[in-house]
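Just so it is clear: chains get the letters A, B, ... in the order the sequence lines come, proteins before strands, and each one is counted from 1. These numbers come from a predicted model, not from an experiment. Basis for what follows: all heavy atoms, side chains included, without hydrogens, waters or symmetry-related copies.
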Protein chains: 2
Amino acid sequence: MMTIGEAAAASGVSAKMIRHYETVGLLRPHRAANGYRVYADADIAVLRFIRHARDLGFPLEKVRRLLALWRDRNRSSAEVKRLALSHVEALEAKAASLRAMAASLRQLAEHCHGDERPECPILDELEKAP
Amino acid sequence: MMTIGEAAAASGVSAKMIRHYETVGLLRPHRAANGYRVYADADIAVLRFIRHARDLGFPLEKVRRLLALWRDRNRSSAEVKRLALSHVEALEAKAASLRAMAASLRQLAEHCHGDERPECPILDELEKAP
DNA sequence: ATGGGGGTTCCCACAATGGGAAGGTCAAGG
DNA sequence: CCTTGACCTTCCCATTGTGGGAACCCCCAT
């Protein structure tokens, strides 16, 4: 049984975020008589779970669903896999979009002299009509 | 000389965003006697510039600097190139991070049977201690 | 004059995180 | 016993970029 500060240290989630996860309903710690939140080992496990999921880029809504599956002893691994792969697709789509931007811009930059002169194909491109 | 709706249609930037760009100081349209914003062709060019820069993922702060360089006839292309390449690095770093997440997660998913059984290495990983 | 299609400002929301203020609580030590 | 400092509580604000919507004003055509 620990306070929020200890739970933060034990889980690697900041106290601020722990409270936030509670307000969005991912967590329900007990309260001591003085109003302090009290975290049991199971709560710490939840917090670590959340952190790992966040480290993999899952948005909180998907973390919520993962948690539900985690707690459900009758889940099918298929459902977990589906959720995970949909997230993989989202990540890859986003990454591809960023890489496309980077590639276009790098392309433009390669044609830029990068000297004292003001002429610059990067600005020319940004200025274009369409 | 056009109103904000026409400027939106001409530039591809929503009226909502045009107002926002104004409040953050990227734009200063004139005002008609009735209080309506009035956009000149130069303003439309600025809006298109902003849109192109946003399409390349530049955050508004960098868009602001690009605009300043664009307007500065004495700019050096080196400065533009530096700004662009720093953004390229940011994009690539972000993309790499997303791809790393996707790769880890895909890896985990590959080891998940994805059937009716509850055992799932994805959840096992999220549950892990550290 | 009236109705519709603009325009204006202002507030709220998202997602996830952090900063900070104002105040309550507890343990240690003088 | 009381102070001090570390910790807890709630509440508000900011970030980034975008959108939704309310309440209200304006102009033109019917």
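One interatomic measurement links the two molecules: CD1 of A/I18 to P of C/dT17, which rounds to 12 Å at whole-angstrom precision. As a whole-Å value, the separation of B/R19 CZ from D/dG19 C1' is 12 Å. The distance between atom NE2 of B/H30 and atom P of C/dG7, rounded to the nearest whole Å, is 19 Å. Atoms NZ (A/K94) and P (D/dT16) sit 16 Å apart, rounded to a whole Å. In this structure, A/K16 places its NZ atom 12 Å from P of D/dT9, rounding to the nearest Å. Rounded to a whole Å, the CD atom of A/E61 is 10 Å from the C1' atom of C/dA15. When the P atom of D/dC7 is taken as reference, atom OH of A/Y39 falls 16 Å away, rounded to whole Å. We find that CE of B/M2 is positioned 12 Å from P of C/dG7, with the value rounded to whole Å.
Between B/K128 and B/D124, none of the side-chain N atoms (NZ, or NE/NH1/NH2) sits under 4.0 Å from a carboxylate O, so this pair counts as no salt bridge. With salt bridges taken as basic N to acidic carboxylate O contacts below 4.0 Å, one links B/R31 and B/E22. Under a 4.0 Å N-O distance rule, the pair B/E92/A/R106 qualifies as a salt bridge. Salt bridge A/E61/A/R64: present, at least one basic N to carboxylate O contact under 4.0 Å.
For the pair B/R48 (side chain) and B/S11 (backbone), a donor-acceptor distance under 3.5 Å is absent.
Ranking D/dG17, C/dG19, C/dT17 by closeness to the B/L60 side chain, first place goes to D/dG17. Each of D/dC8, C/dA16, C/dG19 was ranked by its minimum atom distance to the side chain of A/I4; first place goes to D/dC8. Among C/dG24, C/dG6, D/dG21, the nucleotide with an atom closest to any side-chain atom of A/Y36 is C/dG24. Closest contact between the side chain of A/H20 and the listed nucleotides C/dT17, D/dT18, C/dT8 involves C/dT17.
Checking B/A33 against B/F58, the closest nucleotide of DNA chain D that is more toward the 5' end is the one next to B/F58. When the nearest nucleotides of DNA chain C are assigned to B/A15 and A/P59 by heavy-atom distance, the more 5′-ward of the two goes with B/A15.
Contact annotation for B/Y21: backbone-only contact, meaning every heavy-atom pair under 4.0 Å involves sugar-phosphate atoms and none involves a base. Residue contacts for B/R54: at a heavy-atom cut-off of 4.0 Å it reaches the sugar-phosphate backbone alone, with no base atom in range.
The phosphate of C/dT8 has OP1 or OP2 within less than 4.0 Å of a side-chain N or O from B/R37. Within the structure, every side-chain polar atom (N or O) of B/S14 is placed at least 4.0 Å from both OP1 and OP2 of D/dT18. Dashed line: the shortest gap from a side-chain N or O of B/T3 to OP1 or OP2 of C/dG7 is under 4.0 Å. Between C/dT9 and B/R31, a contact under 4.0 Å exists linking OP1 or OP2 to a side-chain N or O. Regarding contacts with the backbone of D/dC8, every side-chain N or O of A/N34 stays at 4.0 angstrom or more from both OP1 and OP2.
Counted within 6.0 Å of CZ on B/R75, heavy atoms from surrounding residues, nucleotides or ligands total more than 12; the atom is thus considered enclosed.
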